[in-house]
Protein chains: 2
Amino acid sequence: MAKLKISRDSLLPPMANFVLENGLAPASLRPLAKAAGTSDRMLIYHFGSKERLIEDLLEYIADIYADAIDQSFGGERVTTRQECLERVMAFTAKAEMQPFMALWWEIVAGATHNKPGYLEAGRSMIWLLLNWMKTQLPIDDPDPEGGARYLLTMIEGALMLRAVGCDEIARAGLGNADLGAA
Amino acid sequence: MAKLKISRDSLLPPMANFVLENGLAPASLRPLAKAAGTSDRMLIYHFGSKERLIEDLLEYIADIYADAIDQSFGGERVTTRQECLERVMAFTAKAEMQPFMALWWEIVAGATHNKPGYLEAGRSMIWLLLNWMKTQLPIDDPDPEGGARYLLTMIEGALMLRAVGCDEIARAGLGNADLGAA
DNA sequence: ACAAGTATGTAGCACTTGCTACAATATTGG
DNA sequence: CCAATATTGTAGCAAGTGCTACATACTTGT
């Protein structure tokens, strides 16, 4: 029964869990410490400041996000961009992805207010999704790079509209898209 | 020199100003009161609670947003959807619109966390923009309703990508769009 | 004029925030 | 073993949070 050594690495997982469940707004030191089974005192000791803690935490969460994407690989290749769009929309709508979606808008808001670490975390998540999407496009797609960027733009727009209760607009919007090289 | 009667209507403008300049995060009672030249005590007196104050404030800001859109009417009609998209992108990139853009992501984040008033404010702003965009489409557009929704979806996606420092993806995405009926 | 509301100032409460001082223990290298 | 270092607990601070109690005014309708 070796006592687990407490370190950044052992503290990050439960804190990431807390943030994915409750968002960043209530993620102050004492609730985070409670979730990790320590005290605010120790969080400062291990991370130096809340600011650096959050930076590390966002980075760690981006890694979790990467794993979640990796695990949803596989399944046979798709034959049209339309089909690909539907698959990605379905992926982002999965129940296990909802905590990330909820967190996502806080990250975007934080990035526009120049909170340290937010922009980096947001950007890395976008690039992950973009690269993953390229692997989802039809094999014979004439322009996977451009196609993926186009689809990603549409998808993010649709997700935002969904977030403010305008799903209908997004649905009509997606339906009206001529998806370039089909 | 009649003393101006202090009321909700006279308090909202300076508070809206404060929120557009500083965002919603630092908009606690005392800073808001200071911006409006009163005390937190009076804000509670006039609005009942901070929750209701923010609801009213978001509604009021949505009205300001509507005015800003109205004022940018005019200019001759455009002849292609592509041109329309560029015009709307230019509109949302205007300096005077940036406070709204910064505030926007806080509203979206708040909406996903069910903060009262946020979803309503966000939705009304989206519909305003959508309706305005319909007036910007080419007169001979075969499907202004669907076209506007499609363009709006693209635009919101591009704005989000821009917010997390992925402008390049958005530009490529917009460039790859086949804009339906041109 | 007088009672009844309306409006406002001053103080404060109970709580949370990030963070620190101080002391105690655990671990480890010589 | 013993000294240095790493880790942790307890307590607290100064500031900020939404909100309230209480005492004033200032304006009304009668």
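Values below: every heavy atom of this structure, side chains too, minus hydrogens, waters and symmetry copies. So that the names make sense, note that chain A is the first sequence line, chain B the second, and so on, each numbered from 1.
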Asks: R52(A) has an atom CZ; how far is it from atom C1' of dG18(C), in whole Å?
Replies: 13 Å
Asks: Is there a side-chain polar atom (N or O) of H46(A) under 4.0 Å from OP1 or OP2 of dA6(D)?
Replies: no
Asks: Look for any protein N or O under 3.5 Å of an N or O in nucleotides 15-17 of chain C and output each such pair with its distance, or none.
Replies:
residue, atom, partner, partner atom, Å
dT17(C), OP1, S28(A), OG, 2.2

Asks: In whole angstrom, give the distance that lies between atom CG of L53(B) and atom P of dT17(D).
Replies: 14 Å
Asks: Could you tell me whether the side chain of N176(B) and the main chain of A172(B) form a donor-acceptor pair under 3.5 Å?
Replies: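 Side chain of N176(B) to backbone of A172(B), a donor-acceptor pair under 3.5 Å: yes, one is there.
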Asks: What's the separation between atom CG in N131(B) and atom CD1 in I126(B), rounded to the nearest 0.5 Å?
Replies: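 Reported value, rounded in 0.5 Å steps: 11.5 Å.
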Asks: Just by distance, with hydrogens left out, do T79(A) and E83(A) show a side-chain donor and acceptor under 3.5 Å apart?
Replies: yes
Asks: Which whole-number value in Å describes the distance from K34(B) NZ to dT17(D) P?
Replies: 12 Å
Asks: So which protein nitrogen or oxygen atoms get under 3.5 Å of nucleotides 9-11 of chain C's nitrogens or oxygens?
Replies:
residue, atom, partner, partner atom, Å
dG9(C), O6, R41(B), NE, 3.1
dG9(C), O6, R41(B), NH2, 3.4

Asks: Check the distance between dT8(D)'s P and I44(A)'s CD1 and give it to me in whole angstrom.
Replies: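 In whole Å, dT8(D) P and I44(A) CD1 are 15 Å from each other.
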Asks: Enumerate the residue pairs fulfilling ring pair (Phe, Tyr, Trp, His ring centres under 6.0 Å) with a member in residues 89-121 of chain A, sequence neighbours excluded, ordered by first and then second residue.
Replies: Y65(A)-F100(A), F91(A)-W132(A)
Asks: Rounded to the Å, how far apart are Y45(A) OH and dT7(D) C1'?
Replies: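 So the OH-C1' distance, Y45(A) to dT7(D), works out to 5 Å.
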Asks: Give the table of side-chain donor-acceptor pairs shorter than 3.5 Å for residues 152-164 of chain A, with sequence neighbours excluded, one pair per line with atom names and distance.
Replies:
residue, atom, partner, partner atom, Å
T153(A), OG1, R149(A), O, 2.7

Asks: Can you confirm whether more than 12 heavy atoms, excluding those of E59(A), are under 6.0 Å from its CD atom?
Replies: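 No - once you tally the heavy atoms of other residues, nucleotides and ligands closer than 6.0 Å, there are 12 at most.
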Asks: Which Ile, Leu, Val, Met, Phe, Trp or Tyr residues join Y45(B) in one cluster when any pair of side-chain heavy atoms under 4.5 Å counts as a link?
Replies: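 Its cluster mates, by chain and number, are M42(B).
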Asks: Are the side chain of Q71(B) and the backbone N or O of A68(B) linked by a donor-acceptor pair below 3.5 Å?
Replies: no
Asks: What is the distance, rounded to the nearest whole Å, between atom CG of L43(B) and atom C1' of dT17(D)?
Replies: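 Rounded to the whole Å, the gap is 14 Å.
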Asks: Please report the distance, rounded to the nearest Å, between CD in E51(B) and C1' in dC19(D).
Replies: 14 Å
Asks: By the side chain to side chain donor-acceptor pair (under 3.5 Å) test, which pairs, at least two apart or in different chains, include something from residues 25-43 of chain B?
Replies: none
